[in-house]
Amino acid sequence: MHQIKKYFKTYLPFTRAGIQAAMAYRTNFIAFFFGSIVYCLVMYYIWRAVFNASGEGMMNGFTMTDMTVFLFITALTNFLTESDGSYDVGEEVRDGNIAMRLIKPVGFHSTFLFTEMGWKLLVFAMIFAPVVVGVEIYKYHAYGGFAFDIAKFLLYLLSLMMSYLFSFYMNVCFGFMAFFLKNLWGFNIIKSGILRFVSGAVVPLALMPDGLRQVLEWMPFSSLCYTPVMIYMGKYSGVEIALRLAIQLSWVIGFYLISKLILSAALRHISVQGG
């Protein structure tokens, strides 16, 4: 218990710094949020056109109401689980600040994690509740009754937490490429585009061809977004939820260990360009 208290006492200042940084750039924060809302509205009209053109009320278990819920909960989930780990590591390698971070008597991963958590706590406090309430009001009118499942919601939060940890460690692993490539700006753009597709954030995996869907569901990337959203929507049974959470946990542990190994190897090749 003493070690846990000491750990949080050491790293909570990084979280406060993350909150202060987010507040300092609140215009960017607000613009990003409204940009996500606009994206959801555009996708809504695209999918409504698809459903109208198909003449079907349901596509692979998804109604238009389901798709609307999917779009907004997916945007919220992405907002909460996306990590800037690859960008932050890459920038510090590029400008030389990585040298100062490495000589400090704190954990390399933990400093990035707790700083980013400050941003996420602000997002959670200001955006999470309004979006969820709005979605539940929409479901109430669409289904003609109260459809909120507190058990599924709590499981969604658990899955959301593991999604973020997985996203963080995966992006840190990607960011370590900066030790060798020096600049990851272009690679980050490519990575983000690919991840949005293979994680089911653009098109639900249930609507993809069976072979591709089965491959993507067992790859780690479905844990980023698709798994928590499907839990929230009640698309998984109890056994499926347990299986998906176990898969998420295994990927979190796996990428955490991989990040440690890559860091150890990368430090033998480090050369900073500034500082």
Side-chain angles (χ1 to χ4, degrees), residues 3-4 7-8 10-11 14-15 18 77-78 80-94 97-117 119-120 158-201 205 214-228 242-272:
Q3 291 298 322
I4 295 176
Y7 178 80
F8 280 99
T10 300
Y11 292 105
F14 289 94
T15 301
T77 301
N78 272 328
L80 286 165
T81 60
E82 281 185 340
S83 172
D84 290 329
S86 59
Y87 175 81
D88 292 338
V89 173
E91 283 298 294
E92 290 207 358
V93 171
R94 187 181 64 83
N97 286 333
I98 193 74
M100 295 302 298
R101 189 180 293 269
L102 289 172
I103 64 175
K104 293 177 180 178
V106 290
F108 182 85
H109 294 75
S110 296
T111 56
F112 282 110
L113 178 62
F114 276 81
T115 300
E116 198 168 81
M117 280 177 60
W119 164 269
K120 296 304 178 183
L158 175 61
S159 178
L160 186 71
M161 180 184 69
M162 288 196 287
S163 293
Y164 169 65
L165 290 174
F166 166 59
S167 175
F168 173 78
Y169 287 115
M170 182 188 67
N171 275 282
V172 166
C173 287
F174 187 84
F176 287 151
M177 290 174 57
F179 283 107
F180 308 95
L181 301 176
K182 308 309 177 191
N183 195 321
L184 296 180
W185 183 80
F187 290 99
N188 271 318
I189 294 176
I190 296 172
K191 174 193 63 104
S192 297
I194 293 174
L195 283 180
R196 287 188 69 85
F197 177 76
V198 298
S199 67
L205 300 186
Q214 291 173 4
V215 170
L216 293 179
E217 282 185 345
W218 284 99
M219 290 180 72
F221 311 113
S222 63
S223 294
L224 285 171
C225 182
Y226 191 71
T227 293
L243 175 62
R244 297 299 170 185
L245 290 176
I247 291 173
Q248 280 189 296
L249 180 60
S250 66
W251 285 120
V252 170
I253 295 172
F255 272 88
Y256 169 76
L257 296 175
I258 291 171
S259 70
K260 290 285 190 180
L261 292 174
I262 295 177
L263 177 61
S264 177
L267 290 179
R268 293 195 290 268
H269 298 274
I270 186 171
S271 62
V272 297

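FYI, the numbering just counts along the sequence from 1. Everything quoted here is computed from the prediction, not taken from an experiment.
Looking at S159 and Q248, their side chains come closer than 4.5 Å, going by heavy atoms from C-beta outward. Using a 4.5 Å heavy-atom cutoff, the side chains of E82 and E116 are not in contact. L224 has its side chain within reach of M170: a pair of non-hydrogen atoms, C-beta onward, lies under 4.5 Å apart. I247 is listed as a side-chain neighbour of S223, based on a closest heavy-atom distance under 4.5 Å. When side chains are defined from C-beta on, L165 counts as touching L113, because their heavy atoms get closer than 4.5 Å.
For Y164, there are no ring pair (Phe, Tyr, Trp, His ring centres under 6.0 Å) partners at least two apart in sequence or on another chain.
Pairs passing the salt bridge (Lys or Arg N to Asp or Glu O under 4.0 Å) check and including a residue from residues 215-224, sequence neighbours excluded, read R213-E217, E217-R244. Residue pairs that meet the salt bridge (Lys or Arg N to Asp or Glu O under 4.0 Å) test with at least one member in residues 248-263, sequence neighbours left out, do not exist here.
What you find for P228 and L160 is that their closest heavy atoms are CB-N, 4.2 Å. Looking at every heavy atom in both residues, F221 comes nearest to S199 through O-CB, 3.2 Å. In terms of heavy-atom proximity, N78 sits nearest to R196 at ND2-NH1, 3.7 Å.
With values rounded to the nearest 0.5 angstrom, F166 atom CZ is found 12.0 Å from M162 atom CE. From F168, atom CZ reaches atom CE of M117 across 10.0 Å, with rounding to the nearest 0.5 Å. In this structure, F197 CZ and L216 CG are separated by 6.5 Å, a value rounded to the nearest 0.5 Å.
Using bins of under 30°, 30° to 60° and over 60° for the plane-to-plane angle, the ring pair Y169/Y256 lands in the perpendicular bin.
S167 places no side-chain N or O within donor-acceptor distance of the main-chain N or O of S163, the cut-off being under 3.5 Å.
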